[in-house]
Amino acid sequence: MFSFVTRSTGLQRSLRLGTCISIKQMQAVCGDKKRYASTSEENRRIPKIYTKTGDKGFSSTFTGERRPKEDLIFDALGTTDELSSAIGLAREFCIDSGHSFTDQLDKIQCVLQDVGSNIATPRSSARDSHIQKTKFSSQAVIELERWIDSLTEELPPLTNFILPSGGKSSAALHVARGVCRRAERCVAPIVRSGETDPEVARYLNRLSDYLFTVARYAAMKEGNAETIYKRPE
């Protein structure tokens, strides 16, 4: 995840980017590239990718709280970031294969940025303004369910256990599914402790179902057989 550094009353905070924005929107925020390089003063305003604030093993939440990097919040954040990367890789395979559902994967990656923003805002240190900015909508769960139902209508009934297979697109989506289930396990304790919105856990739970379904769909569309589980003799 990208982080931007701000200073407030002498304290340095890392603010996590929680939404996907287009190139035009980025230009509106950052200005034209030529204008960026027009003066040395403006060059100094360009945020650096490194901040050095985590060199001692601590990082900041969106609320400004400093926690050790092995904290459950950052474990969940890191795994969610890994999930988005896994989906991004699977998406590239799906684009190469000409699949029609890649726009759904695009949107899921954007929603995962919002998931990360919510996780990065632990309720124990959040003000109302923080909570409002990072509130997670249940609409995202409903949309996943609609996609799952639509894909399932085209799939043959599942009568056996299948192994991750069915071509590169399908197998990569299964890898993303496995990472998604791990992300859900990481989020579960911070949801139970009241630090994170329960809708985030619901979304990850439903997302693993979607990734399983779309992996099967990719294999079917490519005409690839899925490997059926057989008990070793």
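In what follows, every heavy atom counts, from backbone to side chain, and hydrogens, waters and symmetry copies are set aside.
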Is the closest side-chain heavy-atom distance between [X] and [Y] below 4.5 Å?
X	Y	value
Arg216	Pro156	yes
Ile148	Tyr217	no
Ile87	Leu173	no
Val200	Tyr203	no
Met220	Leu155	yes
Thr227	Phe161	no
Phe58	Arg67	no
Ser60	Glu65	no

Looking only at heavy atoms, what is the nearest atom pair of [X] and [Y], with distance?
X	Y	value
Gly54	Lys69	O-NZ, 3.2 Å
Phe93	Ala172	CD1-CB, 3.7 Å
Ile131	Ala126	CG1-CB, 3.9 Å
Cys186	Asp75	SG-OD2, 3.7 Å
Ala183	Leu83	CB-CD2, 4.4 Å
Pro189	Leu72	CB-CD1, 4.2 Å

Are any of the side-chain nitrogens in [X] or [Y] under 4.0 Å away from the carboxylate oxygens of its partner?
X	Y	value
Lys168	Glu222	no
Glu233	Arg231	no
Asp197	Lys135	no

> If you count the non-hydrogen atoms of other residues, nucleotides and ligands that lie under 6.0 Å from CG in Asp96, is the total more than 12?
Replying inline: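 It does: Asp96 CG has more than 12 such atoms within range.
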>> Pair Val111, Leu207 - check side chain to side chain contact (heavy atoms under 4.5 Å, CB included), show working.
In response: CA-CA 11 Å; Val111 173; Leu207 180 55; over 6 Å; no
Between the side chains of [X] and [Y], does any donor sit under 3.5 Å from an acceptor?
X	Y	value
Ser208	Arg181	no
Thr134	Ser117	no
Glu195	Ser124	yes

How far does [atom1] of [X] sit from [atom2] of [Y], to the nearest 0.5 angstrom?
X	Y	atom1	atom2	value
Trp147	Ile108	CH2	CD1	5.0 Å
Lys56	Thr53	NZ	OG1	11.5 Å
His174	Ser169	NE2	OG	11.5 Å
Thr213	Arg206	OG1	CZ	11.5 Å
Arg202	Glu184	CZ	CD	11.5 Å
Lys221	Leu151	NZ	CG	9.5 Å

Verify the cluster assignment for [X] and [Y]: are they in a single hydrophobic cluster under the rule of side-chain heavy atoms below 4.5 Å apart?
X	Y	answer
Phe101	Leu112	yes
Leu211	Ile162	no
Phe212	Val179	no

Output a table of donor-acceptor pairs, distance under 3.5 Å, between side-chain atoms of residues 136-144 and any protein atom two or more places apart or on a different chain; print 'none' if there are none.
from   : atom 1 : to     : atom 2 : distance (Å)
Ser137 : OG     : Gln139 : N      : 3.0
Glu143 : OE1    : Lys107 : NZ     : 3.1
Glu143 : OE2    : Lys107 : NZ     : 3.0

[X] side chain to [Y] main-chain N or O, any donor-acceptor pair under 3.5 Å?
X	Y	result
Arg123	Thr121	yes
Ser165	Leu163	yes
Ser193	Ile190	yes

>> Evaluate Gln104 against Tyr210 for side chain to side chain donor-acceptor pair (under 3.5 Å), listing each step before the verdict.
In response: CA-CA 10 Å; Gln104 296 177 0; Tyr210 167 84; 2.7 Å; yes
> Can Glu92 and Leu105 be said to form a side chain to side chain contact (heavy atoms under 4.5 Å, CB included), step by step?
Replying inline: CA-CA 10 Å; Glu92 294 301 315; Leu105 301 180; over 6 Å; no
